[in-house]
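Okay, so here's the structure we're looking at.
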Protein chains: 2
Amino acid sequence: MLVVQSTSVKTHAVVAPSLPSSGAPAEPPALVAGEASASGVGSPSFSPLYQQIKSLILRSLQAGEWRPGEAIPSEIELAARFKVSQGTVRKAVDELASENLLLRRQGKGTYVATHTEERVQYRFLRLTPDQPEHAGPVQREFLDCRRLRAPADIARLLQLKAGDMVVEVRRVMHFAGKPVVLDDIWLPGHLFKGLTAERLSDYKGPMYGLFETEFGVRMIRAEEKIRAVAAGEVEAALLKIAVGAPLLSVERLSHTYDDQPVELRRGLYMTEFHHYRNELN
Amino acid sequence: MLVVQSTSVKTHAVVAPSLPSSGAPAEPPALVAGEASASGVGSPSFSPLYQQIKSLILRSLQAGEWRPGEAIPSEIELAARFKVSQGTVRKAVDELASENLLLRRQGKGTYVATHTEERVQYRFLRLTPDQPEHAGPVQREFLDCRRLRAPADIARLLQLKAGDMVVEVRRVMHFAGKPVVLDDIWLPGHLFKGLTAERLSDYKGPMYGLFETEFGVRMIRAEEKIRAVAAGEVEAALLKIAVGAPLLSVERLSHTYDDQPVELRRGLYMTEFHHYRNELN
DNA sequence: GAGTGGTCTAGACCACACT
DNA sequence: GTGTGGTCTAGACCACTCC
């Protein structure tokens, strides 16, 4: 299971032989010498232990061993399971937490991240009111939800075969009662069987919460391409603005585990009283 | 210097008294009990050791003890200087590296990050060609560079007093020979004495490299607010597009150490053949 | 080979949350 | 009090870089 590419592995017992008589200083973990893949020289594809642990935890997450919102086993338990030290588990969990897949809570445990939490609600929606006055409650209006064969460009981006089924959703988001965002969304049909406009309308809270709860699809990471465009007739009517008015075009490709694309979204944002915020580091 | 708020600090020598006769197991670090600030109870403002180390390193960076591109002392040296273990220094340096203030290079050392490196050149410019064909060389054309009293809104954002001097720069960036970006830039006058259009034009490479090399101002972090706007007459002429064409408006506030704002930039991006890319995690 | 960052371990102790 | 994550240490060994 766990792979260590080096040949000699020693515990520090070698240099501290006069320890209290607690028996043998615990056998070293079940380490297997150089496997990984082909080639037999020194370290052809070195991968640290904590990375291997990270992959194992990731696999359990993906397999649904622990559900979103639930606690994963404690560091001590994981260390015992994987036969490594707590420090190594810690490093693996630290990275997963920094990637927003896990959530650490001191004194309580480590939890599987979820989109249904209030606090992380706007992790993916970067549109922010210019003034607090324009904040107000968010309202989602679903205009359409149909199943169809994926157009070529959609299929390519979602890594589907030409002709595969997709679910197409059109919706408008209202901020403080005014239409601000028009989204067209495409989802792989085989992952979202039974998704209807009604289920979308009935669900309270962000869409990704529904996807996670009802369809077991967890959005982990996304890329966005942003442009300025002029409103067409249809868009102008839906957002109640003038034809030709400048809009922010946001094309988002969302991924789940393993970087597999599972959602394509083309959004048009009215940015007269809102802006897209970003942080550069 | 280093502050530990707890009362009892023990080395593990306590539980391993039968160590080889290497003398006393090294005295514990020069730890000072509860200081931090006022109040005397348990742990009123607990701050871990590595955070304190991080602050000390940050202070040295800010004071220019090591210049951009230079190596900082090795972990072992820093551990000795601060009288903590290498692991604690490591954690401090790790965080600074993850914030892009330091750059670790295995086998070589840890270096102060710089904007003059090829690899990090486009850390702040998120505009990307849609097709590789539109890539081409970047060309910077400086149209204006003048000193003036800061308008109220500029002064407020840069946290200057009304009437303080600022340097105002206008420039156009060309991609593959075509104008794509129009930037208006404001800099605090007292930090950029002697900045002229000529010096800007003569410098090859990104502006932030010049700022860092010539003025000792290092951009660490920035926030951007993005909108869609319609091109006005002046902008249209400079970017060679039609009046009213949609443009991406990017307002950037850049900060140096201590989150002090040191640059305000209002950019207009032509996004017909380029897009602003962003990653969501 | 020497020096640097990177990994791994083992153990002690602290801060925090629940009970 | 018990259990969880968080900090800190000390030491061994590995991978990488340069001389």
Side-chain angles (χ1 to χ4, degrees), chain A residues 2 4-16 19-20 22 25-29 31 42-54 71-79 82-95 97 102-111, chain B residues 2 4-16 19-20 22 25-29 31 42-54 71-79 82-95 97 102-111:
Chain A
L2 304 180
V4 166
Q5 288 82 349
S6 89
T7 46
S8 73
V9 174
K10 302 168 190 171
T11 67
H12 78 282
V14 174
V15 281
L19 279 172
S22 60
E27 54 188 323
L31 302 167
S43 32
S45 60
F46 173 72
S47 160
L49 243 192
Y50 75 87
Q51 287 285 4
Q52 301 176 43
I53 304 299
K54 194 178 155 186
I72 71 170
S74 75
E75 293 179 353
I76 293 174
E77 284 177 85
L78 289 173
F82 299 130
K83 296 213 173 65
V84 298
S85 78
Q86 188 182 351
T88 301
V89 168
R90 173 174 294 277
K91 181 137 189 180
V93 171
D94 275 346
E95 290 209 351
L102 296 176
L103 193 64
R104 314 197 73 147
R105 290 192 229 176
Q106 180 171 158
K108 299 190 66 177
T110 301
Y111 295 79
Chain B
L2 303 180
V4 166
Q5 289 82 350
S6 88
T7 45
S8 73
V9 173
K10 304 169 189 170
T11 68
H12 78 283
V14 174
V15 282
L19 279 172
S22 60
E27 55 188 322
L31 302 168
S43 33
S45 61
F46 173 71
S47 161
L49 244 191
Y50 76 87
Q51 287 285 6
Q52 301 176 43
I53 304 299
K54 195 178 155 186
I72 71 171
S74 75
E75 292 179 352
I76 293 174
E77 284 176 85
L78 289 173
F82 298 131
K83 296 212 173 64
V84 298
S85 78
Q86 189 182 351
T88 300
V89 168
R90 173 174 293 277
K91 180 137 188 179
V93 171
D94 275 346
E95 290 209 352
L102 295 176
L103 194 64
R104 314 195 72 147
R105 290 191 227 177
Q106 180 173 155
K108 298 190 67 175
T110 301
Y111 295 79

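So that the names make sense, note that chain A is the first sequence line, chain B the second, and so on, each numbered from 1.
- Spacing between atom NZ of A/K83 and atom P of C/dA10 amounts to 13 Å, rounded to whole angstrom units.
- At whole-Å resolution of the value, CD in A/Q86 and P in C/dT7 are 18 Å apart.
- Minimum atom distance to the side chain of A/S74 is reached by D/dT4, of the listed C/dC8, D/dC8, D/dT4.
- Side-chain to base pairing of B/R90 with C/dG6: one donor and one acceptor N or O lie within less than 3.5 Å of each other.
- With sequence neighbours left out, B/K91 forms a side chain to side chain contact (heavy atoms under 4.5 Å, CB included) with B/Y50.
- Taking 4.0 angstrom as the limit, B/K108 places none of its side-chain polar atoms (N or O) nearer than this to OP1 or OP2 of C/dG3.
- Remark: C/dT19 base-pairs with no nucleotide in the shown strands. Criterion, Watson-Crick or G-U wobble with two distances under 3.5 Å.
- Rounded to a whole Å, the OH atom of B/Y50 is 9 Å from the P atom of D/dG6.
- Taking atom CD1 of residue B/I76 and atom C1' of nucleotide D/dC13, one finds them 13 Å apart after rounding to whole Å.
- Considering only side-chain atoms of B/S85, the nucleotide from C/dT7, D/dC8, C/dT9 that sits closest is D/dC8.
- With rounding to the nearest 0.5 Å, the separation of CG in A/L78 from CD1 in A/I72 is 5.0 Å.
- Here D/dA12 presents its C1' atom at 15 Å from CG of A/L49, a figure rounded to the nearest Å.
- Between the CZ atom in A/R90 and the CD1 atom in A/I76 there is a gap of 10.0 Å [rounded to 0.5 Å].
- Taking side-chain N and O atoms only, A/T110 has a distance below 4.0 Å to OP1 or OP2 of D/dG5.
- For B/Q106, there are no side chain to side chain contact (heavy atoms under 4.5 Å, CB included) partners, not counting sequence neighbours.
- Residue A/Q51 contributes atom CD, which lies 13 Å from atom P of C/dG6 at whole-angstrom precision.
- Note that NZ of B/K108 is 10.5 Å distant from CG of B/L103, once rounded to the nearest 0.5 Å.
- The 5' end of DNA chain C is approached more closely, in terms of each residue's nearest nucleotide, by B/G109 than by the other of A/G107 and B/G109.
- If you take CG of B/L78 and P of D/dC8, they are 16 Å apart, rounded to a whole angstrom.
- Whole-Å rounding puts the B/E95 CD to D/dC8 P distance at 11 Å.
- Both A/Q106 and A/T88 lie close to DNA chain C; mapped to their nearest nucleotides by heavy-atom distance, the more 5′-ward contact belongs to A/T88.
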